Amino acid sequence: MTPPTHIKLNNGLKIPTIGLGTWQCTLIFVYKEYLVLKNRLAPPGQVAAAVEHALKNGYRHLDCAWIYGNEAEVGQGIKASGVPREQLFITSKVWTTYMGRVEESLQMTLNALGTDYLDLYLIHWPVALNPNGNDPKFPKHPDGSRDVLLDWDLSETWRQMEEIYASGRVKAIGVSNWSEPNLQLLEKTWTVVPAVNQVELHPYLPQHDLKKYCESKGIYLEAYSPLGSTTSPLLKDSVILRIAEKHSVSVANVLISWAVNRGTVVLPKSVTPSRITENNKVIELDSEDMTQLDGLAASGKEQRLNRVPWGVSLKFADGF
C-alpha cells in the first residue's frame, strides 16, 4: 500500500504527512541526565534559504514556533519561493510564557510570518512559565530552576485556543508534548478535540500506548526529532541499517518512512538543501520491516533524546 501524502484531521482539514521542521536551537548536555535548550540561531538568511529550497522542491508543510526566533525568516523564505499561501500548511505554537495570552502570541506569529491565518496552532508544552518573570522566554528562580506557575489551569489556555479557532484565524488547534494523563484532564473541559499532539517519536520512543489513546479520541500524532539528533544512536542502529540496505535508501529515509507508514505526520529538520530534498522521500515498508522497527524500544533500546528540565512531571510513561 502506497504511503499517504496527506492525513485528514478530525475537522476535515488535510495535512501533508511530511513537514519541514524549522527549529534552529541545539540541545546541550548541561544538567544531570537532562538535555537543556540553549538558543543558537542559524546564521542570518540560512532559515529563509532552507524554507525557499524546501518549497521549491515539493514541501508544502512548515512547522514553526515563536520560541524558535526565526518566524520572520520563515516568512521571507515563503515569499521568495513564490508558492501561494493557499497551497501551504503552516503550523506554529504558543509558548509557555503566553499561556494566558494566546491571542497576543498568535498575532506576533502572524506578523512575523506575514500571513493572516495559520493552518494549525499548538500549545507548545503543558507547562506555564511566569509571564512576569526575569526572562520573557525562560524565567528562572534565584536558584536557577524554572519559574513555573504550578497553579495554572491548562484548561484556560485551551479555552483561549478554542476562541481563536472559532474566530477563523487558525484552521485547527492541537497540543504538543502532552501525555495521556494530561490529555485525559483536558478532555474534562474541552469542547473542541485537539487535532494533533506533536511529540518526540522514533523507533526508540514509539509511544505505542499514547498513539493508541490519541487515535481513540481522533487525535493524530506528529513526530518531532524523527531522526534523533546529530549523534543519535538511531543513525547507527544495526536493525535500521539492515532495512536501509535492503531498500537501498538512507537511514533517514527509513526513519521518516516508518513514521508515515504507521499513520503519523513527520517533521524532519535540516538547513542543508540536499538533506531537505532527501527527507521528502517516503518508501513503502513491508510488515517485517515495521515489526522490527516497532519492537526496537521493547528490546531494551527505549530512549528519549529530548529532556527539557521543566521541574515538573509531564506524566509520560517513561517518567518524563
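Bear in mind that the values here come from a model prediction, so they are computed numbers and not experimental data.
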Discussion item. Set out, in order, the CA-CA distance, both residues' side-chain angles and the distance that settles side chain to side chain contact (heavy atoms under 4.5 Å, CB included) for Trp310 and Thr96, then state yes or no.
Written reply: CA-CA 11 Å; Trp310 293 112; Thr96 56; 4.1 Å; yes
Item to complete: Begin from the C-alpha positions of Val196 and Thr91 and carry the test side chain to side chain contact (heavy atoms under 4.5 Å, CB included) through to its verdict.
Response: CA-CA 11 Å; Val196 306; Thr91 298; over 6 Å; no
Practice prompt. Determine, stepwise, if the pair Glu215 / Lys212 fulfils salt bridge (charged side-chain N to carboxylate O under 4.0 Å, His left out).
Written response: CA-CA 5 Å; Glu215 287 176 345; Lys212 183 178 180 180; over 6 Å; no
Item to complete: Dump the intermediate steps for side chain to side chain contact (heavy atoms under 4.5 Å, CB included) on Leu88 and Ile78, then the final yes or no.
Response: CA-CA 9 Å; Leu88 302 179; Ile78 292 172; 3.6 Å; yes
Discussion item. Side chain to side chain donor-acceptor pair (under 3.5 Å), that's the test. Do His53 and Thr277 meet it? Break it down for me.
Written reply: CA-CA 8 Å; His53 176 83; Thr277 301; 2.9 Å; yes
Discussion item. Using salt bridge (charged side-chain N to carboxylate O under 4.0 Å, His left out), reason through Arg159 and Asp153 one step at a time and then give a plain yes or no.
Written reply: CA-CA 10 Å; Arg159 184 192 66 77; Asp153 185 355; over 6 Å; no
Item to complete: For side chain to side chain contact (heavy atoms under 4.5 Å, CB included), just list the numbers for Leu305 and Ser225, CA-CA rounded to whole Å, side-chain angles, deciding distance to a tenth of an Å, and then say yes or no.
Response: CA-CA 8 Å; Leu305 300 173; Ser225 295; 5.9 Å; no
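Of all heavy-atom pairs between Ala65 and Ser92, the closest is CA-OG, 3.5 Å. Closest of all the heavy-atom pairs between Gln198 and Ser176 is O-OG, 3.0 Å. Annotation for Ala223 and Leu201: closest pair CB-CB, 3.5 Å, computed over non-hydrogen atoms. Of all heavy-atom pairs spanning Asp147 and His141, the tightest one is OD1-CE1, 3.1 Å. Among all heavy-atom pairs drawn from Leu55 and Leu62, the shortest one is CD2-CD2, 4.2 Å. Residues Lys315 and Ser313 come closest through the heavy atom pair N-OG, 3.0 Å.
In terms of modelled atom types and a separation under 3.5 Å, the side chain of Asn134 and the main chain of Lys140 share a donor-acceptor contact. A donor-acceptor contact shorter than 3.5 Å links the side chain of Gln160 to the backbone of Val102. Panel note: side chain Gln207, backbone Glu200; a donor-acceptor pair is recorded below 3.5 Å. Judged by distance alone, the side chain of Ser257 and the main-chain N or O of Val282 form no donor-acceptor pair under 3.5 Å. Using modelled atom types, one side-chain atom of Asn11 and one backbone atom of Lys171 make a donor-acceptor pair closer than 3.5 Å. Counting only distance, with no hydrogens or angles, the side chain of Glu162 and the backbone of Thr191 share a donor-acceptor pair below 3.5 Å. Looking only at distances, a side-chain donor or acceptor of Thr291 sits under 3.5 Å from a matching main-chain atom of Ser287. For the pair Asn10 (side chain) and Gly218 (backbone), a donor-acceptor distance under 3.5 Å is present. When atom types are taken as modelled, the side chain of His208 and the backbone of Asp294 share a donor-acceptor pair closer than 3.5 angstrom. The backbone N or O of Leu210 sits nowhere less than 3.5 Å from a side-chain atom of Glu180 that would complete a donor-acceptor pair.
Taken from CG in Asn177 to CG in Asn197, the straight-line distance is 7.5 Å, to the nearest 0.5 Å. For the atom pair CG (Leu110) and CG (Leu118), the distance works out to 5.0 Å, reported to the nearest 0.5 Å. Here the CD-CG distance, from Glu284 to Asn261, works out to 6.5 Å after rounding to the nearest 0.5 Å. Here the CH2 atom belonging to Trp178 is positioned 12.5 Å from the CD atom belonging to Gln184, to the nearest 0.5 angstrom. For the atom pair Leu185 CG and Leu154 CG, the distance stands at 8.5 Å (nearest 0.5 Å). Atoms CZ and CD, on Arg169 and Glu103 in that order, are 5.0 Å from each other to the nearest 0.5 Å.
Note on Arg60 versus Asp119: no salt bridge recorded, every NZ/NE/NH1/NH2 to OD/OE distance being 4.0 Å or above.
In this structure, Tyr220 and Val265 have side chains that are not in contact, with every pair of non-hydrogen atoms separated by 4.5 Å or more. Within the 4.5 Å cutoff, the side chain of Ile18 has heavy atoms near those of the Val260 side chain. Val254 is not listed as a side-chain neighbour of Leu241, based on a closest heavy-atom distance of 4.5 Å or more. Ile283 has its side chain out of reach of Asn253: every pair of non-hydrogen atoms, C-beta onward, lies at least 4.5 Å apart. Counting only heavy atoms from C-beta outward, the side chains of Trp66 and Lys93 never approach each other to under 4.5 Å. Side chains of Gln292 and Leu285 form no contact here, defined as non-hydrogen atoms less than 4.5 Å apart. No side-chain heavy atom of Val51 sits under 4.5 Å from any side-chain heavy atom of Ser81. Side-chain contact between His61 and Leu267: present, with at least one pair of heavy atoms (C-beta onward) separated by less than 4.5 Å.
Ring geometry for Phe138 against Trp95 counts as perpendicular: the plane angle is over 60°, on a 0 to 90° scale with 30° as the lower cut.
Checked against Asp289 for a salt bridge (Lys or Arg N to Asp or Glu O under 4.0 Å), the options Arg262, Arg242, Lys246 give a single hit: Lys246.
Among residues two or more places apart in sequence or in another chain, the ring pair (Phe, Tyr, Trp, His ring centres under 6.0 Å) test is passed with His202 by none.
Linking ILVMFWY side-chain heavy atoms closer than 4.5 Å, directly or via other members, places Trp125 and Met161 in a single hydrophobic cluster. The hydrophobic cluster containing Ile90 also contains Val74, counting ILVMFWY residues as joined when their side-chain heavy atoms lie under 4.5 angstrom apart, directly or transitively. In the hydrophobic cluster analysis, where Ile, Leu, Val, Met, Phe, Trp and Tyr join through side-chain heavy atoms closer than 4.5 angstrom, Leu221 is grouped together with Ile173. Note on Leu129 and Tyr98: same hydrophobic cluster, where clusters join Ile, Leu, Val, Met, Phe, Trp and Tyr whose side-chain heavy atoms are under 4.5 Å apart, directly or indirectly. Note on Val170: it does not cluster hydrophobically with Ile15, by side-chain heavy-atom contacts below 4.5 Å among ILVMFWY residues.
A cation-pi arrangement is present between Arg85 and Tyr117, with the terminal nitrogen or guanidinium carbon under 6.0 Å from the aromatic centre and inside a 45° cone about the axis.
Two rings, from Trp23 and Tyr224, have their centers 6.0 Å or more apart. Tyr165 and Trp158 have their aromatic ring centers separated by at least 6.0 angstrom.
Around CD of Glu104, the count of heavy atoms belonging to other residues, nucleotides or ligands within 6.0 Å exceeds 12.
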